[in-house]
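Here's the structure we're looking at; comments come further down.
Ligands are counted one by one from 1 in listed order, and the atoms in each one are counted from 1 as well.
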Amino acid sequence: MCGIVGYTGYRNAYNVVINGLKRLEYRGYDSAGIVIENKDGKHNVAKTKGKVEDLLAISQSSEYSGNTGMGHTRWATHGVPSDANSHPHVSNNGKIALVHNGIIENYDSIKILLIEKGFTFKSETDTEVLVNLIQYFEESQADLDFVSCVRYALNEVYGAYAICVMHQDHKGEFVVARLGSPLAVGIGKDEFFIASDASPFVEFTKDALYLEEGHIAHISLKDGIEIRTITQNEPVQPAIQELKLSLEQIEKGGYEHFMLKEIFEQPKSIHDTLRGRLLVKEETIKMAGIWDHLERFSKAERIIIIACGTSWHAGLIGEYLIEEFARIPVEVEYASEFRYRNPIITNKDIVIAISQSGETADTMAAIKLAKEKGAFVYGICNVVDSSIARITDAGSYTHAGPEIGVASTKAFTAQLTILSLIALKLGKHNGSLSNAQFMELITELDAIPKKVQEVLENTHEICKVIAKEFAHTTNFLYLGRGFNFPSALEGALKLKEISYIHAEGYPAAEMKHGPIALIDENMPIVIIAPKVGHYDKVVSNVQEIKARKGRVIAVVNPTDTQVRSQADYSIEIPMVNEAFSPILAAIPLQFLAYHIALIRGANVDQPRNLAKSVTVE
Ligand code: M6R
């Protein structure tokens with residue numbers, strides 16, 4: 001969702017900002033814009049509906065040379081994607097330029113007041129209201145400095161924002177602020193970078209600070225960084241940290257798409273998630289986050305998992321894992337529903353919040369609610385130092401590395417890996433698992449990265465063949481049972497997201513309660529059917545589908561004969577304990593979605609309308 005990049009220093013700001021915007025493309029957007037301060041302090045603005053390439057086409061002239069500038073990729077909230085609604089927005093007097101990620105919820109009432117005072121508006125956006133509110137404070141309270149004008153304006157609005165502001169009378173300076181949306185500042189020698197995440201400046205500096213919730217900073221080459229709280233104006237000490245991110249991690253490394261690269265990275269990302277935690281020789285699992293709170297987890301009457309999208313699917317598998325191995329009751333909720341339905345939560349509950357980005361607005365709000373009600377909140381995030389990682393009471397990182405493709409792949413399997421570790425650790429600790437069971441399970445989990453490698457090698461080609469056959473169908477059903485019911489949901493979501501084919505996931509047994517009506521010779525059905533759990537029942541489901549001429553694509557184990565003999569296509573994954581089979585099953589479903597999308601000519605890494613981190617509700 002919206003990306004912000006800013007630069008002030010000695011380099012060509014246009015190049016830094018444009019390249020930075022390209023790095024943020026993965027977040028999802030529909031328009032782009034830039035403002036460059038020229039040597040006289042004048043702002044030159046270019047903005048357009050479309051992609052950064054379209055912006056390049058309209059901003060090549062020498063007007064855009066200078067050492068300070070900022071840019072923005074917009075994901076439309078208020079108003080359609082259009083040139084006028086694109087950022088930066090400029091105040092009526094032309095002096096202040098502002099880019100914004102988030103939503104100003106009370107913009108309508110402020111706009112009415114500003115119109116009464118003579119302000120005019122060119123766009124439908126909430127952002128243009130904010131930039132004019134800053135001008136209003138500057139004109140009506142002569143003693144306020146630049147940063148105070150922005151602070152006063154922010155104290156009048158509510159909603160979520162990360163903003164970056166430039167002023168023609170304050171050359172080489174930025175005022176930045178955040179509430180609910182992330183903002184990072186890169187600190188180089190005689191230069192500063194502003195960005196929604198560190199990827200736009202990773203090759204320039206390793207020193208960064210992440211602006212905290214409710215903070216505003218004044219950044220200038222002359223005076224450095226000065227941070228204050230937005231509401232109280234209290235000074236805050238900048239907390240500079242060293243970036244762990246590297247340039248290679250955020251480049252495609254020879255793959256056609258980030259999504260394909262990330263699918264192939266899964267043996268490593270799962271291995272990295274297990275590393276130092278799963279210690280088979282020592283017969284233990286060591287996870288700092290859980291280790292420190294084992295007693296609290298053991299006494300929990302209930303665990304509630306909250307998440308959205310793919311992370312919610314991981315949560316559903318987490319429910320099966322924790323109930324199976326640790327025998328603690330688990331409920332899984334969409335964060336967006338949980339936060340608005342007055343849930344019953346007590347201080348005996350543990351809430352596990354799962355989020356790849358660590359910035360999802362609904363999940364953030366649900367965490368805040370759970371904390372207010374006294375629950376202990378444990379976070380599972382992929383992005384280090386993300387907002388969710390910071391507001392939770394404890395947690396574990398998934399160590400999948402940066403995930404750039406909008407469709408989540410390696411982060412999902414890393415989430416399953418962490419949830420497996422948590423379930424096994426709790427099961428061992430509370431005695432639900434015997435030592436022998438625990439050892440058998442951790443030995444199997446330890447072998448998963450190797451098995452994932454086998455799946456990658458053995459299923460890619462067959463998935464390409466299947467994709468060719470089904471790329472132009474309009475509907476898909478995905479079915480699975482037990483641990484693989486959520487796998488079916490995730491497979492369907494992957495296909496929908498990137499190929500725009502309508503797909504539904506169901507527990508296989510639910511088929512006869514409705515979806516069976518859809519089955520005919522035009523309906524492909526992906527069925528996840530490892531020889532574990534309720535395999536016999538799945539065999540019956542396949543028979544029911546074939547009796548209605550449905551086309552079956554089955555994910556099976558090598559020793560399977562019954563499903564394979566009826567399926568139109570079979571994809572083999574190695575035999576593994578049912579609890580870990582969703583990790584292996586995820587891979588051919590990712591391949592299938594990827595190759596179908598590719599054949600349909602869809603933008604695999606940046607699917608239409610989707611954002612990588614959904615920072616608005
Ligand atoms: O960053 P999060 O895990 O909190 O994101 C949640 C969902 O927005 C995300 O999983 C979404 O469904 C992805 N596009 C899935 O591929």
Quiz prompt | cation_pi(K252, F258) dist<6.0 Å, angle<=45 | solution =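 Yes, a cation-pi geometry holds between K252 and F258.
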Exercise. Establish, for the pair R608 and Y500, whether the NZ or CZ atom is under 6.0 angstrom from the six-membered ring centre and no further than 45 degrees off its axis.
Key: yes
One line per pair, note the atom names and distance for all nitrogen or oxygen contacts under 3.5 Å between ligand 1 and the protein.
unit_1   : atom_1 : unit_2 : atom_2 : d
ligand 1 : 1 (O)  : S355   : OG     : 3.4
ligand 1 : 1 (O)  : S357   : N      : 2.8
ligand 1 : 1 (O)  : S357   : OG     : 2.6
ligand 1 : 1 (O)  : T360   : OG1    : 3.4
ligand 1 : 3 (O)  : S311   : OG     : 2.5
ligand 1 : 3 (O)  : Q356   : N      : 2.7
ligand 1 : 4 (O)  : S355   : OG     : 2.6
ligand 1 : 4 (O)  : T360   : OG1    : 2.4
ligand 1 : 10 (O) : T310   : N      : 3.0
ligand 1 : 12 (O) : T310   : N      : 3.4
ligand 1 : 14 (N) : V406   : O      : 3.3
ligand 1 : 14 (N) : E497   : OE2    : 2.5
ligand 1 : 16 (O) : T310   : OG1    : 3.4
ligand 1 : 16 (O) : S408   : N      : 2.8
ligand 1 : 16 (O) : K494   : NZ     : 3.1
ligand 1 : 16 (O) : E497   : OE1    : 2.7
ligand 1 : 16 (O) : E497   : OE2    : 3.1

Quiz item: Going by distance alone, is a donor N or O of one side chain under 3.5 Å from an acceptor N or O of the other, for E572 and N458?
Solution: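 N458 and E572 do not have a side-chain donor-acceptor pair below 3.5 Å.
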Quiz item: In terms of side-chain heavy atoms, does E213 have a donor or acceptor partner in S387 at a distance below 3.5 Å?
Solution: no
Quiz item: Should we count NZ of K496 as having more than 12 external heavy atoms under 6.0 Å?
Solution: yes
Quiz item: Under the salt bridge (Lys or Arg N to Asp or Glu O under 4.0 Å) test, which residues partner E578, sequence neighbours left out?
Solution: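 Partners of E578 by the salt bridge (Lys or Arg N to Asp or Glu O under 4.0 Å) criterion come out as none, since no residue qualifies.
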